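Every chain is numbered from 1 and lettered A, B, ... according to where its sequence line falls, protein lines coming before strand lines. Note that the coordinates shown come from a computational prediction; the quantities given were computed from them, not determined experimentally.
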Amino acid sequence: VVSWTSLMAGYTKYGLGHEALSLFDQMQLLSVAPSTVTFVCTLKACGNTRATKKGQEIHDEIEKRGFVDLDVVGNALVDMYASCGLLVEAEEVFDKLPAKDMISWTALIAGYAKHGHSEEALSCFEQMKSEGVIPDVVSWSALIAGYAMHNCGEEALICLEEVKQAGVSPDAVTYASSLKACGGVRAIEKGQEIHAEIAQKGLLERDFVVGNALIDMYATCGLLFEAQDVFGKLLVRDAVSWTSLIAGYTKHGCAEEALNCFGKMQMEGFSPDVVTFICSLKACGIMGAIEKGQELHEAIIRNGLLEKDVLIGNALLDMYIDCGLLAKAHEVFDKLPVQDAVSWTALIAGYAKYGCSEEALGCFERMQLIGISPDAFSWNALVAGYARQGESENVFHAFDRMRGEGMDPS
RNA sequence: CCAAUGGAUGGUGCAUAC
């Protein structure tokens, strides 16, 4: 049991939740009896991969064996439900906990925060304090991360001040989230202030995350020189560091420099991941760099990345559309493993952009035939195409249809 | 005696004609 569980713990730690879960299944098949530690690891893996069904099964199993009353198991349950966004269930388990410690509270706060319920997260936080549980740096960071993630940068930064006033010392994670908040609201000065603090504490030398968050903050704010400077001084870099730079250059009109970085990172021995490809494809699209784009396309196929992530297929599609190669785009579309509303809308918008409103409408009808309902973006793409062509009757007709489906054209 | 529970950094679609 211990060997199995240790292996699972390792997988979970490095984000290989699916592998951990399949280990659990193998254990069951071989009738190895899971321990409470095994269950805790499995719950963690369920939370990471949002495997809600599996999580509920494990919960039942745990109830049956009477393991629920253990603090660690109860907290892991709260965390699993909270991570999966099943906050009602998380609350239920939480309420039944024999002892609610800081970890139980923080798991719940983090669940609310992560899923965009900042107010509930905050009221949880207050309640925790009023029950005499003192929040530590992790509880604070959960709050800040929630704000930062959902574009409430102001609140996040206010929170950062409160952390310090409470006499808690922010750590790498707290700073990373705060920097994300700075990027979101373009709080450049605050970002620089945090930069100085981080440097003073020597946090930049220790791990990727803070350095990467700094690069991202500067890049998002359009301070590419500073981003490059931080990048150059980092002692440890990874693919994320490179991708943050690439994304920054792309976003701020330096697509060529972005593609340079893409080349350089590989020369220095870093493999681009899915996100790197997505950002670089965007740069190709902006530049109309067809050959480079095709090169990336081939590399993506070679590495089997199309199957790994839906987003990369849509990014490829966009790249070809931006390069004006609609036929090629359609070909890519046909081969996508998953065609979601975004893929269809990209195609519709592409046709609309180049004045092919017939084809755009064709796509629009076909997506509905296969059971994908157009969202506001899809409608907008269609209508924009008509508008571009001066087909005002079709525009009004589309408005009527939208109203018929309960959507408001305004 | 060994494994286990809370927070964190990068990425996709539309933009309204005369």
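A:F39 and A:F24 have tilted rings, their planes meeting at an angle from 30° to 60° on a 0 to 90° scale.
Each of B:rA8, B:rG13, B:rG11 was ranked by its minimum atom distance to the side chain of A:V275; first place goes to B:rG11. For A:D216, whose side chain is taken as the heavy atoms from C-beta onward, the closest listed nucleotide among B:rG10, B:rA8, B:rU16 is B:rG10. Side-chain atoms of A:I278 lie closest to B:rG11 of the nucleotides B:rA3, B:rU5, B:rG11. Distances from the side chain of A:L311 to the nucleotides B:rU12, B:rG10, B:rU9 place B:rU12 closest. Of the listed nucleotides (B:rG11, B:rA3, B:rG13), B:rA3 has the atom at the smallest distance from the side chain of A:A9. Nearest nucleotide to the side chain of A:V40, out of B:rG13, B:rU5, B:rA8: B:rU5. Checking B:rU12, B:rU9, B:rU5 against every side-chain atom of A:D79, the shortest atom distance belongs to B:rU5. In this structure, the nucleotide among B:rU5, B:rA8, B:rU16 sitting nearest to the side chain of A:N75 is B:rU5. The A:T276 side chain lies nearest to B:rG10 when the options are B:rG10, B:rG13, B:rU12. Of the listed nucleotides (B:rA8, B:rU12, B:rA3), B:rA8 has the atom at the smallest distance from the side chain of A:K114.
Taking a 6.0 Å sphere around NZ of A:K335, one finds it holds 12 or fewer heavy atoms contributed by other residues, nucleotides or ligands. Heavy atoms of other residues, nucleotides or ligands lying less than 6.0 angstrom from CD of A:E256 number 12 at most. In the displayed structure, A:E154 atom CD is contacted under 6.0 Å by at most 12 heavy atoms of other residues, nucleotides or ligands.
Rounded to a whole Å, the NE2 atom of A:H115 is 11 Å from the P atom of B:rG7. Distance, A:Q339 CD to B:rU12 P: 21 Å, rounded to whole Å. Look at CG on A:L382: it is 19 Å from P on B:rG13, rounded to the nearest Å. Regarding A:L179, its CG atom lies at a distance of 14 Å from the C1' atom of B:rG10, rounded to whole Å. A:W379 has its CH2 atom 17 Å from the P atom of B:rA15, to the nearest Å. The separation between A:D171 atom CG and B:rU9 atom P is 13 Å, rounded to whole Å. Distance A:F377 CZ to B:rU16 P: 14 Å, rounded to the nearest Å. As rounded to whole Å, 15 Å separates atom C1' of B:rG11 from atom CG of A:D322.
The cationic atom of A:R237 (NZ for Lys, CZ for Arg) lies less than 6.0 Å from the six-membered ring centre of A:F231 and within 45° of the ring axis.
Residue A:K282 places at least one side-chain N or O under 4.0 Å from the OP1 or OP2 atom of B:rG13. For B:rG10, one of the phosphate oxygens OP1 or OP2 lies less than 4.0 angstrom from a side-chain nitrogen or oxygen of A:K180.
Within the nucleic acid shown, A:T12 has no heavy atom closer than 4.0 Å to any nucleic acid atom. Within 4.0 Å (heavy atoms only), A:S139 reaches at least one base atom of the nucleic acid. Using a 4.0 Å heavy-atom criterion, one finds that A:D375 contacts the bases of the nucleic acid, with or without backbone contacts as well. Contacts of A:V73 with the nucleic acid, taken as non-hydrogen atoms under 4.0 Å apart, are absent. Residue-level contact check: A:M102 touches the bases, meaning some heavy atom is under 4.0 Å from a base atom.
In this model, no side-chain donor or acceptor of A:S244 finds a partner on the base of B:rG10 within 3.5 Å.
The residues A:K164 and A:E197 are annotated as salt-bridged, a charged nitrogen and a carboxylate oxygen being separated by less than 4.0 angstrom.
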